[in-house]
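This report concerns only the one structure given below.
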There are 2 protein chains.
Amino acid sequence: MEQELHTIKRTDETDDILLAALKLFAEQGYFNTSLTDIAKAAGLTTVSSIYQSFNNKQAIAIKLNDMIFDSLNVSIDDIRRRNQKASEQLRSFVNLLFKLTDEAPNIMRFLLVMQTNEFIPQQKPLLETPAFTKVVKIMQAGIRAGEIRNIDPLLATGFFLGVINNTLRMVLSGELEKNADAYQPQAWLAAWNLIAKKSTCF
Amino acid sequence: MEQELHTIKRTDETDDILLAALKLFAEQGYFNTSLTDIAKAAGLTTVSSIYQSFNNKQAIAIKLNDMIFDSLNVSIDDIRRRNQKASEQLRSFVNLLFKLTDEAPNIMRFLLVMQTNEFIPQQKPLLETPAFTKVVKIMQAGIRAGEIRNIDPLLATGFFLGVINNTLRMVLSGELEKNADAYQPQAWLAAWNLIAKKSTCF
DNA sequence: GTCTATACGCCGATAGAC
DNA sequence: GTCTATCGGCGTATAGAC
């Protein structure tokens, strides 16, 4: 299952709805998913029940979005606290993303492939979200510390996450057959050498 | 303007519709765009006129999709014909993508950010389309020729295009402020060194 | 607070006059 | 072949019975 939305325990039917919605949104898209679909998948007898927990369809998506980004935000704070060097922090973050892709693919689809701004207008692009701006901060710190090459931190993050996220997207879409973790060592090495000051030459 | 859909000349109102649809789909999404919107943007007085050219809304999207991928396919054939080495072919291809991003951003949004499979079910993921499988072929040839490191060609393509496409996505979303071409040298170097046998060390 | 019934709007699509 | 009128359906949302 979706790893209890990664951290949140299922207690009442609100979480059933969120879990069902996450699955359906990720698999067939927000606009192809009706409240009827969600109610059915959540085991509710009636569509109306949804309105006990949410004001409207968009509110479900927003709640999901908030939970996912908040959880990621907490994880990143944790990673920054537990690790000193930029390389270690990025390594842990990459490991988190790969693990999530295998254990909670729908969360990663929500993060990486869904165009959430089409139904949550105020939604910002990935690198402008609180969680991912912290990755840019790690990059800046790494540059100051001499671990990372001296290039625009935003661009460096874009290159780095380009390799990581594209690999994960290919796993999620089935273009790559194995599970994400099988590609983690290669992807990490490629992404890190892209930005590291001392790159390992081949 | 959208560079006449890159190659096709506007002749009749069918192309007005396609151009309007491309713009609206790319800017607000397929499902947020009604036929009324398209008709208005195409300068038609009536929604019904659309049905003179297309059987339904999906047919517009499919036609756009076909035109874009066909055009790209032709360009890639051309690039492969005109260049010998894998490095040159990839360089030209990257240049094409960056130029397209600046000159026809909506085409690139269609290619890189829209989730076309949500409204064109038979649509394959990017790297399984005829156009992009040829990039994988270039990669294979480059490995055989000793230009490119000996790794899974599909993975290599994923890494390579991860850097390129993510950079372009960031330009298209406004996360990067300058035009795409301003980032081309850095992005190319990063992407190429990712896969090149003799990487330029920094 | 659970479910039935239903309202309401939007949109895709068609019929048919001219 | 252009435009008016309208249909049919789906999907969100609500009202209200129990």
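Here the structure is a predicted model, which is why all the values come from computation and not from measurement. Throughout, a chain's letter reflects where its sequence line sits, starting with A, and its residues are numbered from 1.
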Could you tell me how far apart A:I38 (CD1) and D:dG11 (P) are, to the nearest whole angstrom? 12 Å
So which heavy atom on B:L127 is nearest to which on B:T157, and how close? CD2-CG2, 3.8 Å
Whether B:D78 and B:R82 form a salt bridge (side-chain N of Lys/Arg under 4.0 Å from carboxylate O of Asp/Glu) is what I want to check. yes
Would you give the length of the straight line joining atom CZ of B:F110 to atom CG of B:L64, rounded to the nearest 0.5 angstrom? 5.0 Å
CG of B:D37 versus C1' of C:dC10: gap in Å, rounded? 11 Å
List in numerical order all residues of residues 48-59 of chain B for which some heavy atom is under 4.0 Å away from an atom belonging to DNA chain C. B:S48, B:Y51, B:N56, B:K57
Between P of D:dT12 and NZ of A:K40, the distance in whole Å: 12 Å
Is the positively charged end of A:R91 above the ring of A:W188, judged by distance under 6.0 angstrom from the centroid and angle within 45° of the axis? yes
Atom-to-atom span, CZ of B:F31 to P of C:dC10 - whole angstrom: 19 Å
B:Q123 and B:N65 side chains, donor-acceptor separation under 3.5 Å: yes
Send over the distance from B:I17 CD1 to D:dT2 P, rounded to a whole Å. 11 Å
What contact category does A:T46 fall into here, base, sugar-phosphate, or nothing, at under 4.0 angstrom with non-hydrogen atoms? base
Can you see whether B:Y30 has B:K57 sitting over its ring - NZ or CZ less than 6.0 Å from the centre and within 45° of the normal? yes
Rounded to whole Å, CG of B:L35 lies from C1' of D:dC3 at a distance of 16 Å
What's the CG-P distance between A:N32 and C:dC11, to the nearest Å? 16 Å
